[in-house]
*Asks:* 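Provided herewith is a single structure, encoded as structure tokens, for subsequent inquiry.
In what follows, every chain begins at residue 1, and chains take the letters A, B, ... in the order their sequences are listed. Please read these numbers as outputs of a predicted model, since none were measured by experiment.
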There are 2 protein chains.
Amino acid sequence: MNVRTLCLSILYEGDATGYDIRRMSVDGEFSYFIEASFGSIYPALAKLEQDGLVTSRTVPQVGKPARKVYSITEAGREAFAEELKGPLGDDVFRSPFLLLARFVNILPPELVEQRVNEHLQRLTEGRQKLQNVADDSGCTPADGWVINYGRVVLDVAEQYLRTHMHDLVNLSRAKPRKDAAE
Amino acid sequence: MNVRTLCLSILYEGDATGYDIRRMSVDGEFSYFIEASFGSIYPALAKLEQDGLVTSRTVPQVGKPARKVYSITEAGREAFAEELKGPLGDDVFRSPFLLLARFVNILPPELVEQRVNEHLQRLTEGRQKLQNVADDSGCTPADGWVINYGRVVLDVAEQYLRTHMHDLVNLSRAKPRKDAAE
DNA sequence: ACTTGCATGTAAGTGGTTACATGATTGG
DNA sequence: CCAATCATGTAACCACTTACATGCAAGT
């Protein structure tokens, strides 16, 4: 899932600027897919326009810089649909937290406890964010389905952490282990 | 979580070759962290050796090419521990499947059903893989904790999919929606 | 006075993948 | 006989990030 596809998926549901797309991809509005920066979004939109999959119009504003609003074209909709029809990539889950968890035995228990709490907070925030998206914005039934998927997963992760965090901290406290190697 | 750190984390628990590390990162043996290819692993190991964080010895084999077995050094263990103590990156979850789910309305229901079943199978395989790791290999209590975390999350995802897949397919069937834009 | 938000864009750098090159052995 | 597994490594390429450049307005 590259930035190009991210842009098309957002434009599919309504016009937006590069700035909008970045905001949506970062804070909430569906960051299941990719979290892109300006440096990748602007060139992607330019390329998309070259390829005729989107069009743009510049809307001047008072005080602020002009907005360059992009709209998806019919060709763009088709290209996006075709891409969705292609073979699906694997889901990716990468967790620095779980890496740390594997090595609690070489870390001070206070740090482990702190990291656990940080992670717990992030999970809570993530759930909150999903809740907000579900509430205020006009999201489709399919969006609702996806949000609920995210919600149940986040819930169970949070619950597991809450009920088992003590085990992890204890594992860190009892560290009779300099490693056995080979 | 870069390839460098992946190598250190694996070597921390025992010697391995570049080939081993790739296998471990790809099929099962903890792919929560990163899935790396040869093209990144071999250079990373070479760099690590230059930096004195690992050492290597070449073990000739009959018939097969020689294995270049890497071991972590004391400096390597320290460097890895220091990295773990640094601030944690965010967990990343990227799902091409959920992107498809958001757009079921523009896809034929048969394809949606097929993709759902594929995804279901992957979830089941993932759980199976975790189960295998938990069973056969000598994994630490902390590893067990991580595996169980993965297990509960995978379980709930699978359960949600099973009980709600029909809603998704139905959303695809009932598609009175060419989009409203703006 | 300073930071944050709005808004677009470029250039340099990084961290990876894919494809290639090489080659013996085993299993279907 | 062909494919896969074992095993190492390089080179070309790609996608994305970070940092930079610019600039005004509103809030603190």
Side-chain angles (χ1 to χ4, degrees), chain A residues 1-11 15-29 31 33-51 54-70 83 87 89-90 92 94 96, chain B residues 1-11 15-29 31 33-51 54-70 83 87 89-90 92 94 96:
Chain A
M1 229 54 1
N2 49 16
V3 173
R4 201 181 152 87
T5 311
L6 167 77
C7 291
L8 285 179
S9 80
I10 286 177
L11 294 175
D15 295 354
T17 66
Y19 195 86
D20 293 335
I21 290 174
R22 197 254 172 169
R23 197 168 26 73
M24 286 177 186
S25 89
V26 173
D27 50 88
E29 218 91 4
S31 45
F33 315 119
I34 197 171
E35 195 171 304
S37 62
F38 293 127
S40 55
I41 291 172
Y42 287 122
L45 285 171
K47 183 78 195 329
L48 244 20
E49 191 166 21
Q50 262 180 44
D51 296 350
V54 305
T55 55
S56 71
R57 78 205 118 92
T58 303
V59 182
Q61 294 183 114
V62 275
K64 293 169 198 166
R67 287 164 56 87
K68 198 162 169 186
V69 180
Y70 287 90
E83 211 166 301
D90 282 326
V92 170
R94 294 285 139 77
Chain B
M1 228 56 357
N2 51 11
V3 174
R4 198 181 154 87
T5 311
L6 167 78
C7 292
L8 284 180
S9 80
I10 287 177
L11 294 175
D15 294 356
T17 67
Y19 196 85
D20 293 335
I21 290 174
R22 197 255 173 167
R23 198 168 26 72
M24 288 179 187
S25 90
V26 173
D27 49 88
E29 217 88 6
S31 45
F33 315 117
I34 197 170
E35 197 171 301
S37 62
F38 293 127
S40 56
I41 290 172
Y42 287 121
L45 285 171
K47 184 77 195 326
L48 244 18
E49 191 167 20
Q50 263 179 43
D51 297 351
V54 304
T55 56
S56 71
R57 76 205 119 94
T58 303
V59 181
Q61 294 184 116
V62 276
K64 293 168 196 163
R67 286 164 57 85
K68 196 162 170 187
V69 181
Y70 288 91
E83 210 167 305
D90 281 328
V92 170
R94 293 284 141 77

*Asks:* A:A66 near the nucleic acid: base, sugar-phosphate alone, or nothing, with a heavy-atom cut-off under 4.0 Å?
*Replies:* sugar-phosphate
*Asks:* Give every residue pair that meets the salt bridge (Lys or Arg N to Asp or Glu O under 4.0 Å) criterion with at least one member in residues 39-50 of chain B, sequence neighbours excluded.
*Replies:* B:K47-B:D51
*Asks:* Starting at CG of A:D90 and ending at P of C:dT17, how long is that distance when rounded to a whole Å?
*Replies:* 14 Å
*Asks:* Holding to side chain to side chain contact (heavy atoms under 4.5 Å, CB included), I want the full list of residues that pass it with A:N2, two or more places apart in sequence or in another chain.
*Replies:* A:R4, A:T5, A:E83
*Asks:* Locate the shortest heavy-atom distance separating B:Y19 from B:Y42; write the atom from each residue and the value.
*Replies:* N-OH, 3.7 Å
*Asks:* For the residue pair B:L11 and B:A16, what are the closest heavy atoms and their distance?
*Replies:* CD2-N, 3.6 Å
*Asks:* How many Å lie between CG on B:L6 and P on C:dG15, as a whole number?
*Replies:* 15 Å
*Asks:* Give the first and the last nucleotide of DNA chain D, reading 5' to 3', that has any atom under 4.0 Å from a heavy atom of chain B.
*Replies:* D:dT5 to D:dT10
*Asks:* Measure the shortest side-chain to side-chain distance between B:T17 and B:L45 over non-hydrogen atoms and say whether it is less than 4.5 angstrom.
*Replies:* no
*Asks:* Heavy-atom distance under 4.5 Å between the side chains of B:D20 and B:I10, does that happen here?
*Replies:* no
*Asks:* Name all residues meeting the side chain to side chain contact (heavy atoms under 4.5 Å, CB included) criterion together with B:I34; count only those two or more places apart in sequence or in a different chain, and write none if there are none.
*Replies:* A:R94, B:V3, B:L6
*Asks:* Is there a donor-acceptor contact under 3.5 Å from the side chain of B:S56 to the main chain of B:K68?
*Replies:* no
*Asks:* What residues, two or more places apart in sequence or in another chain, satisfy side chain to side chain contact (heavy atoms under 4.5 Å, CB included) together with A:T55?
*Replies:* A:S71, A:T73
*Asks:* So which atom in B:M1 and which in A:P96 form the shortest heavy-atom distance, rounded to 0.1 Å?
*Replies:* CE-CB, 4.3 Å
*Asks:* How far does the helix from C:dA1-D:dT28 to C:dG28-D:dC1 bend, going by the axes of its first and last five pairs, to the nearest 10°?
*Replies:* 40°
*Asks:* Between atom NZ in B:K68 and atom P in C:dT22, what is the gap in whole Å?
*Replies:* 19 Å
*Asks:* Where along nucleotides 23-28 of chain C does protein come under 4.0 Å, by heavy atom, of base (B) or sugar-phosphate alone (S), with - for untouched nucleotides?
*Replies:* BSS---
*Asks:* Using side-chain heavy atoms (C-beta onward) and a distance below 4.5 Å, is A:V92 in contact with B:E35?
*Replies:* no
*Asks:* Send over the distance from B:N2 CG to C:dT17 C1', rounded to a whole Å.
*Replies:* 16 Å
*Asks:* Between C:dG16 atom P and A:R94 atom CZ, what is the distance in whole Å?
*Replies:* 10 Å
*Asks:* When you measure from every atom of DNA chain C, which of residues 35-44 of chain B have a heavy atom less than 4.0 Å away?
*Replies:* B:E35, B:A36, B:S37, B:G39, B:S40
*Asks:* Send over the distance from A:K47 NZ to C:dT10 P, rounded to a whole Å.
*Replies:* 15 Å
*Asks:* Does the side chain of A:Q61 get closer than 4.0 angstrom to OP1 or OP2 of C:dC6 through an N or O atom?
*Replies:* no
*Asks:* Could you tell me which residues satisfy side chain to side chain contact (heavy atoms under 4.5 Å, CB included) with A:Q61, sequence neighbours excluded, listed by chain and number?
*Replies:* A:K64, A:R67
*Asks:* Once you round to the nearest 0.5 Å, how far does OH of A:Y70 lie from CG of A:L8?
*Replies:* 12.5 Å
